[in-house]
Engineer: 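For reference, the structure I am asking about is given below.
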Amino acid sequence: MAYAISVRALCEFTAKQGDLDRRFTPAPSAQQGRQGHAQAAARRGNKYQTELSLTATQGTLMIRGRADGYDSGAHRLDEFKTFRGDLSRMKSNHRALHWAQLKSYGAMLCMRDERRHIELALVYFDVESQQENILKERAEAQVLLTWFAASSERFAVWAASESAHQSSRNAALQLLAFPYAKLHAGQRMLAEAAYKACHLGQCVLAQAPTGIGKTLGTLFPLLKAMGKGKLDKIFYLAAKSTGRKLALAAIERLQQTTRDIPLRVLDLVAREKACVHPDRACHGDSCPLAKGFYDRLPSARASALGSPIMDQAALRSVGDAHRVCPYYLSQEMVRWADVVIGDYNYYFDGGGLLYSLQVENEWRIGLLVDEAHNLIERGRLMHTMELSEGDLICAIRQAPPAIKRDLRRLAQIWTDLCDAQSDPYTLIEKLPVALLNVLQQVVSRLTDIAAEQVDRMNVDLERFYFAAMRFCQLAEGFGEHSLFDISGTTLCIRNVVPAPFIKGRLEAAHCSVLFSATLSPPEFYRNMLGLPPDAVWLDVATPFRAEQLKIRVVSRISTRWRQRAASLKPICSLISRQYAAQPGNYLAFVSSFEYLRSLFEVFADHCPRVPIWRQHPRMNEAQRQEFIARFIVGGHGVGFAVLGGAFAEGVDLPGERLIGAFIATLGLPQFNAINDAMAQRLQAVFGAGHEYTYLYPGLQRVTQAAGRVIRSTTDRGSLHLIDERYARPDVWRQLPSWWIGQSGQ
Ligand code: SF4
């Protein structure tokens, strides 16, 4: 079977050379690019053909692409590239790539029309001046065809090994065995739904309890479907590094059970973790691992594929051996990996790498979204931007004279706008057009400066520039999904409903499974995440029995803000009584660090014999491990933590390592002006402002934290829900159904 490849991908593989250079250079926006192409084509008369579709077969390769324009009278083939700034600053390896694309189209056209020669024109269109800078070349067909054949041949060798890999991978995956004697009942249900989703191209929202093996229960069926040729790649996306580790562990388990599966697994880590030279910048003049990166990439790529799992350690070792940057090597390896594990950002964020590559290569992706309840908050953050007046003032101090006036004008409008507000927080119904117009002008001037400047912009100015650019982008797409507000002198476009941004990403995947132990009520997640209307809802019954978890609702104690001081001693008494009755390891959750500190101090006074330890704000990885390490089998004591924090989810403390939890809060987000504004918007959009802003997110955190206690069908433990609101039926209804029926006080 022919191996299909686009001209762009072929050229990137065969013609990219030289240094890696990630310095910021202002590029035209997608819209400016489209407009530039249209303008350049319009100048060439109405017989001029645009978007000329071309295909060619070279040995086992089927090469396809669209040339930008062709003048059949002059026999001239054009490739348009829009740019801004000084063209001479365009990186030479970018220009080489543009020529390679044009020559490929030239060869394909000569083949199609049996031409003996053709004119090639690389048209650089300046989006600011709208001037064209044209580089022309008359090319003999024979020369082009020889060049094209050699370039295709180089890729064909790689393509043959890729095809062989895919065939042997698929054959092996068909024989892939489940690593345990059988699937749990709930795990089987989840696996069947995921497998069916692959066949039917569906989206599944799956609530499945802790302990049934959701990671294997979703990865295994998708790998089986890949074996049947249903998927090109699987993207496993997690909100936290613990989720990524679980996915890696599940794959290692599969590899141990079915040996020699030729599966390429890539773990994408953040730049801060993977970078070898954090004091350098990512270009050849600064970092030795960026110098000549593309020249050494082919050997590094081949070597990376030799690792059973391309994780941080493996890519670091390949990077060392071949003197290439391991972080950018990992990004290159996405193209050749079968399973990619990474943070949500890589797919759902604006310029997400995985999404961009998926669209460009038209891959059939199986998308797995782990702990999907986190996607609402993470999605909001991806589409929220704050602009601080302090940053503007720093930018003015560092700005070159040419832009200072514009920035001062912006500062004046900004101050006037903020002075006109009487409250510390103000929700503004309509975007302030005058301010945005000036901000847009400032961004455009700073873009010109960035395009002209050889050295990097001053750090303060650059920080303001990037934030302002993003702010303007969000302002362009502003709608009922977001708010515009002013807190003091900080302006914010605040996303409330991430659905419009996430929807398209889910649609781009062939199938997707979003799973978590806490996705109730499903309408909340469907609406907030923009799931397709035919998305399947799966609620996997828990394997746990009600008698495993002894629940006590303590409604005589209120944890509301005003009653907090009065609540401390009763909560301490409750904890010490439970501890005396059944010594062991416990977790106590409260709503804030301040509350935690007060409770911790009172408890230390009240019960000095009970070993206690506490969560601190901004704990690093080692400190977190130290906190968790106190929960040992046969250990005794109480760990105090914040609900919704690092120890309230993704922490596995089976058996005696944790025998009970106290949750002294309803988990509701703070009642404040911002949350109230969000509630009003959610009321207007979905008619459920209080529930969507406070109740559902709060109880989701409670359920997650309580889920630390019972980890398997043999676990037993206790749970104290402390607040008078737990006695309310509307609250109780939102808690897991297997808890229902227990409400002893
Ligand atoms: S090693 Fe660090 S500085 Fe160098 S290219 Fe890689 S990420 Fe950039």
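Counting convention: from 1, in listed order, for ligands and their atoms alike. Sequential numbering from 1 along the given sequence is applied to the chain's residues.
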Engineer: Taking the six-membered ring for Trp and the single ring otherwise, decide whether the centroids of Trp158 and Trp336 are under 6.0 Å apart.
Structural biologist: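 Under 6.0 Å, so yes.
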
Engineer: Quick one: look up the protein heavy atom nearest atom 8 (Fe) of ligand 1 and list residue, atom name and how far away it is.
Structural biologist: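 Looking only at protein heavy atoms, the one closest to atom 8 (Fe) of ligand 1 is Cys282 SG, 2.4 Å.
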
Engineer: How close does the nearest protein non-hydrogen atom get to atom 6 (Fe) of ligand 1, and which residue and atom is it?
Structural biologist: Cys325 SG, 2.4 Å

Engineer: Can the positive tip of Arg505 be found less than 6.0 Å from the middle of the six-membered ring of Phe348, inside 45° of the ring normal?
Structural biologist: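 The answer is no; the distance or angle limit is not met.
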
Engineer: Do any of the N, O or S atoms of His277 sit under 2.8 Å from atom 8 (Fe) of ligand 1?
Structural biologist: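 Checking atom 8 (Fe) of ligand 1 against His277, no N, O or S atom falls under 2.8 Å.
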
Engineer: Closer than 4.0 Å to some heavy atom of Arg280 - which atoms of ligand 1 meet that?
Structural biologist: 3 (S)

Engineer: So, 2.8 Å as the limit: is an N/O/S atom of Cys275 located closer than that to atom 6 (Fe) of ligand 1?
Structural biologist: no

Engineer: Identify the two heavy atoms, one from Arg84 and one from Asp126, that lie closest to each other, and give their separation to 0.1 Å.
Structural biologist: CA-OD1, 4.2 Å

Engineer: Considering only heavy atoms, does Arg22 approach ligand 1 within less than 4.0 Å through its side chain, its backbone, both, or neither?
Structural biologist: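 Looking at Arg22 and ligand 1, no heavy atom falls under 4.0 Å.
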
Engineer: State, yes or no, whether a side-chain contact exists between Ile251 and Tyr236 at a heavy-atom distance under 4.5 Å.
Structural biologist: no

Engineer: Gln615 side chain to Phe647 main-chain N or O, any donor-acceptor pair under 3.5 Å?
Structural biologist: no

Engineer: Might you point out which heavy atoms bring Tyr465 and Ala450 nearest each other, and give the distance in Å?
Structural biologist: CE2-CB, 4.3 Å

Engineer: Report, in ascending order of atom number, the atoms of ligand 1 lying under 4.0 Å from any heavy atom of Cys287.
Structural biologist: 1 (S), 3 (S), 4 (Fe), 5 (S)

